[in-house]
Amino acid sequence: MISPFGYHHLPAMDVSVVETPPEGIEADVLGFPVPDPAELSDGARDLDQVVRGRLTHLIDDGELSGSPGTVTLVHTDGLPAHRIAAVGVGARESVDADQLRTAAAQVAVRAGGVGGGTMAWLLERNGFSVSPAEQARAIVEGVAMGGYDAGRWKTGNDKRAPIARLVLCGPGVSAAAEEARRANVVAWWTNRCRDIVNAPPNELTPDDLADFGEDIAGRSPRISFEALGVDEIRDAGMGAFSAVAQGSHNAPRLIILRYEPDEAPQNFVLGLVGKAITFDAGGISLKPAEHLEEMKSDMGGGAAILAGLGAIAELGIPIRIIAVVPACENMPGGHAYRPGDILTAMNGKTIEVTNTDAEGRLILADALWYARQAGATHLLDLATLTGTIQVAMGDYYAGLFGNDAAWIESVHGASEASGDHAWTMPLHHSYFRYLESCFADVKNCPEKKRGSPIIAALFLAQFAGEGPWAHVDMAGTAFLDRGRDYYPHLGATGYGVRLLAELARRLAA
Ligand code: BES
Ligand code: MN
Ligand code: ZN
């Protein structure tokens with residue numbers, strides 16, 4: 001079996017930051033943002049002079065628009081940049097980092113259509129409320145993520161050409177060089193996460209996900225790797241995780257990565273836990289057939305934890321981390337666990353199974369407890385946990401829950417700054433009524449769907465041990481069934497990788 005990681009091993013984009021005036025930049029396409037109503041920034045005005053006022057003429061004739069989503073391509077004949085791409089970003093005062101990511105992605109997609117190669121971007125010095133460093137970060141992410149191609153299983157030569165080089169230019173841009181470099185690392189790992197989440201469940205089994213973890217560990221002497229097998233998982237007392245896994249012929253793995261940089265404070269250990277159901281059929285409580293293929297993405301939380309750790313280690317962020325990723329399939333079959341089964345979790349609590357499709361909380365129960373026992377002082381789990389979070393929030397915000405206001409706020413702040421948005425949801429003990437069982441300490445699923453993301457989070461809270469814990473329900477944001485913003489196509493978003501990299505950076509600062 002080919003490791004999906006080694007199989008699709010694209011080099012990172014080559015990003016450079018230069019003070020050269022835009023008319024001296026060599027590129028296949030040079031992009032810049034146009035606000036609505038359309039006007040040219042200082043840098044764009046310099047370009048306009050070199051193309052003998054063509055940009056101004058286009059604006060005067062209403063052919064160059066600042067409305068979001070419009071890209072106007074102008075051939076330059078004579079400039080080292082062969083084409084100029086003016087891209088609308090909407091009203092100047094409402095331009096945010098996401099709008100810039102989207103604009104950059106749109107230019108990258110157009111550039112890909114004419115052969116990829118080198119793209120340049122002219123940063124605005126003081127036009128928007130987004131600082132030049134944040135602009136640089138957004139543009140790098142927009143180009144790298146917007147040009148992502150999920151069609152690697154296609155056999156023809158109809159693959160989109162990614163941008164190989166990105167040059168950021170504009171006055172004072174060199175202050176943004178470090179931010180651009182970091183963003184490029186994080187975007188690369190985000191795309192690797194997308195590779196893994198898009199990978200079909202016949203190619204990405206729990207063993208393959210463990211290989212991905214091992215590959216990441218192999219890149220840094222600061223990361224150690226371990227992946228427990230089926231017997232070790234059972235012998236560790238993980239009755240909940242074992243039960244979910246037992247219905248599949250593909251054996252489970254508990255993937256454990258420890259990142260221990262020398263300079264990190266010893267009294268803080270970030271415990272990262274990610275749901276990794278490599279295929280969620282629902283088990284005996286079988287899901288309906290519609291869109292069932294999307295359940296290959298039910299390992300999106302685990303993939304983000306692994307790729308996020310890869311990014312954090314490559315950036316050398318000094319913070320201790322233990323990552324725990326329970327990986328298995330949730331299948332029906334003669335060995336499958338059943339509604340009615342009573343399980344004993346690693347922490348000793350008994351769980352009555354009332355729905356085998358509420359499996360994520362079961363594998364996370366044991367993984368959270370394991371991470372806490374292994375020394376995590378602060379826990380964060382990422383999980384595609386409930387379809388109803390998607391009903392509530394759609395595909396832009398994930399739901400954020402936790403037991404500690406300060407810790408929740410740390411995660412929330414990192415999420416908003418990173419572009420992986422999450423919004424805080426309530427978690428009150430009163431909801432525990434829904435989980436009371438006549439037979440066991442708790443049941444895994446209430447009869448009704450009302451309040452489902454909150455109840456799922458409250459279930460997890462019982463297994464998070466003492467200390468801060470936060471939970472991100474990313475069922476709506478991990479995998480898109482249609483493109484949006486800087487994700488031009490459906491499929492995996494890599495949600496969580498940027499959030500984790502930003503959180504680690506803030507915690508280490
Ligand atoms: N993996 C699903 C949640 C999911 C649904 C993720 C849609 C992405 C898109 C999860 O295991 C699940 O089946 N949840 C159930 C919970 C219910 C049984 C309480 C759900 O959402 O219906
Ligand atoms: Mn399920
Ligand atoms: Zn699931």
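As the structure lists them, so they are numbered: ligands from 1, and atoms in each ligand from 1.
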Among protein heavy atoms, which sits nearest to [atom], and what does the distance come to when rounded to 0.1 Å?
atom	result
atom 18 (C) of ligand 1	Asn355 ND2, 3.5 Å
atom 16 (C) of ligand 1	Arg361 NH2, 3.9 Å
atom 6 (C) of ligand 1	Ala475 CB, 3.5 Å
atom 15 (C) of ligand 1	Asp357 O, 4.1 Å
atom 22 (O) of ligand 1	Lys449 NZ, 2.7 Å
atom 14 (N) of ligand 1	Leu385 O, 3.4 Å

For ligand 1, is any non-hydrogen atom under 4.0 Å from [X]'s backbone (N, CA, C, O), its side chain (CB onward), both, or neither?
X	answer
Met299	neither
Asn330	neither
Met295	side chain
Asp280	side chain
Lys448	neither
Cys445	side chain

Taking both backbone and side chain into account, is any N, O or S atom of Asp357 nearer than 2.8 Å to the Zn ion (ligand 3)? no
N/O/S atom of Lys275 under 2.8 Å from the Zn ion (ligand 3), yes or no? yes
Nearest heavy-atom contact between Phe479 and Val197 is CD1-CG1, 4.3 Å
To make sure I understand the geometry: which N, O or S atom in Asp298 is closest to the Zn ion (ligand 3)? OD2
Give the name of the N/O/S atom in Glu359 that lies closest to the Mn ion (ligand 2). OE1
Nearest to the Mn ion (ligand 2), which N, O or S atom of Asp280 do we find? OD2
Salt bridge or not for Arg506 and Glu502, using N-O below 4.0 Å? yes
Three-point angle Asp280:OD2, the Zn ion (ligand 3), Glu359:OE2, rounded to the nearest 10°: 90°
Between the candidates Lys287, Gln390, Glu359, which shows the shortest non-hydrogen contact distance to atom 11 (O) of ligand 1? Glu359
Within 4.0 Å of some non-hydrogen atom of Lys275, the atoms of ligand 1 are 1 (N), 10 (C), 11 (O)
Can you sort out which atoms of ligand 1 are near Gly387, meaning under 4.0 Å from one of its heavy atoms? 3 (C), 4 (C), 5 (C), 7 (C), 20 (C), 21 (O)
Return the CE to CH2 distance between Met346 and Trp369, rounded to the nearest 0.5 Å. 9.0 Å
With a distance cut-off below 6.0 Å to the six-membered ring centre and an angular limit of 45° from the axis, does Arg101 pair with Tyr486 as a cation-pi contact? yes
Has Asp357 got an N/O/S atom less than 2.8 Å from the Mn ion (ligand 2)? yes
